[in-house]
Amino acid sequence: MGKFSGILICSDFDGTLAHHGEIPAINFQKIKYFCDNGGNFSIITGRSGAYFDKFKGALCIDTYMGYTNGTVIRRFPSGETVICDYVRDDVFKGVISLCDKFDKIKNIDLYPDDEPICFEGSAAQIKKSLEGAQNIKIHKFLMRTLTQVTDEDVELIRAHMGAGCAVSRSWEFGIEFQNGNFHKGVAARRIAELLGAKTLITVGDYENDVPLLMAGDESYASQNALDSVKAVADYVLTRTSGEGAIAELIDILDNRL
């Protein structure tokens, strides 16, 4: 037992725990302190699991991680898979047909079990590549756009894809597609069950983190978060991701307990 026993922090990666792919040193220090004193720390991210191999030495934690927006849950650092959800055929076909209706597509990444696969070129070329890849089991699509994604773009795409597909912006030029019944919030609750956590604290910064924040018993947004995300969070941190937002959160918990 320790000061933070029963508490699980589930954090987004880009824009929350990390800044431009780099985790501030103060975050490493505070996470170690938090876990050494009974807490559990997890990352739930849009990235694939392979990306985090480089952090196995620096993140001295034994936990579960949620990858590709929670469609995959694996033990960290061992890599044992606990949950694995693949895009349904109707979602795959919906993205293929979207190539004929949405003229802002720059490229599309497919996320299988290992490294992402990128299809680029004209909309017709991307569509043809997707048609030839329907036998590949993937967890999500990431579409990069030629211009900034607007609210109208998201509404159009959601109407085209239907309720069975989760469509969310992950940054100004990125839209993600996955099965509608799997998202970061579902993954966070599942990880809390696996670890026997009594209190789930969630942290994020962008639209695809909203389900994560809503799943928490207590939720936080980094200072650099979108205003719409800050509005969902219970608390807004004073630090940005590059300044150590997660370290600030752990200090808040430390001073409270």
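- With hydrophobic clusters built from ILVMFWY side chains whose heavy atoms lie under 4.5 angstrom apart, Y111 does not share a cluster with Y51.
- Cluster annotation: F92 and I126 are assigned to the same hydrophobic cluster (Ile/Leu/Val/Met/Phe/Trp/Tyr, side-chain heavy-atom contacts under 4.5 Å, transitive).
- The pair R158-E155 does not meet the salt-bridge criterion, since no charged nitrogen lies less than 4.0 angstrom from a carboxylate oxygen.
- Following chains of ILVMFWY side-chain contacts shorter than 4.5 Å, one cannot reach Y64 starting from F41, and the two form parts of different hydrophobic clusters.
- Put simply, the side chain of Q134 gets close to the backbone of E131: a donor and an acceptor are under 3.5 Å apart.
- By the 4.0 Å N-to-carboxylate-O rule, R75 lies too far from E80 to be salt-bridged with it.
- By the 4.0 Å N-to-carboxylate-O rule, D151 lies close enough to R169 to be salt-bridged with it.
- Neither side chain, N179 nor H139, offers a donor N or O lying under 3.5 Å from an acceptor on the other.
- Judged by distance alone, the side chains of T16 and D205 do bring a donor and an acceptor atom under 3.5 Å apart.
- Remark: K106 NZ is loosely packed, at most 12 non-hydrogen atoms of other residues, nucleotides or ligands lying under 6.0 Å away.
- Side chain of S219 to backbone of D234: a donor-acceptor contact under 3.5 angstrom is found.
- Other residues, nucleotides and ligands contribute only 12 or fewer heavy atoms inside 6.0 Å of the NZ atom of K101.
- In terms of modelled atom types and a separation under 3.5 Å, the side chain of Q223 and the main chain of L237 share a donor-acceptor contact.
- Hydrophobic clustering places L194 together with I44 (ILVMFWY residues linked when any side-chain heavy atoms are closer than 4.5 Å, directly or through intermediates).
- Distance check, rounded to the nearest 0.5 Å: CZ of R144 to CG of D109 gives 4.0 Å.
- S97 and H160 are linked by a side-chain donor-acceptor pair at a separation below 3.5 angstrom, with hydrogens and angles left out of the test.
- Panel note: side chain R88, backbone G164; a donor-acceptor pair is recorded below 3.5 Å.
- Ionic pairing of K184 and D209 is present here: one or more N-O contacts between side-chain nitrogen and carboxylate oxygen are shorter than 4.0 angstrom.
- In this model, no donor atom of one side chain and acceptor atom of the other lie less than 3.5 Å apart for D251 and Y33.
- L212 and F13 fall into different hydrophobic clusters, where Ile, Leu, Val, Met, Phe, Trp and Tyr side chains are chained together by heavy-atom contacts under 4.5 Å.
- Heavy atoms of other residues, nucleotides or ligands lying less than 6.0 angstrom from NZ of K3 number more than 12.
- A donor-acceptor contact under 3.5 angstrom links the side chains of T238 and E248, judged on distance only.
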Exercise. Can you check side chain to side chain contact (heavy atoms under 4.5 Å, CB included) on I252 and Y220, steps first, answer last?
Worked result: CA-CA 11 Å; I252 289 170; Y220 292 77; 4.1 Å; yes
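- Under 4.0 Å is where a charged nitrogen must lie from a carboxylate oxygen, and between D217 and K198 no such pair does.
- The 12-atom threshold is exceeded at NZ of K104, counting heavy atoms of other residues, nucleotides or ligands nearer than 6.0 Å.
- In this pair, F4 and F34 present their aromatic rings tilted. The plane angle is within the 30 to 60° band.
- Between M161 and V91, the closest side-chain pair of non-hydrogen atoms falls below 4.5 Å.
- With salt bridges taken as basic N to acidic carboxylate O contacts below 4.0 Å, one links D53 and K56.
- By the 4.5 Å heavy-atom criterion applied to side chains, F177 and I157 are counted as neighbours.
- Between F55 and F28, the ring planes lie tilted relative to each other; the angle falls in the 30° to 60° range.
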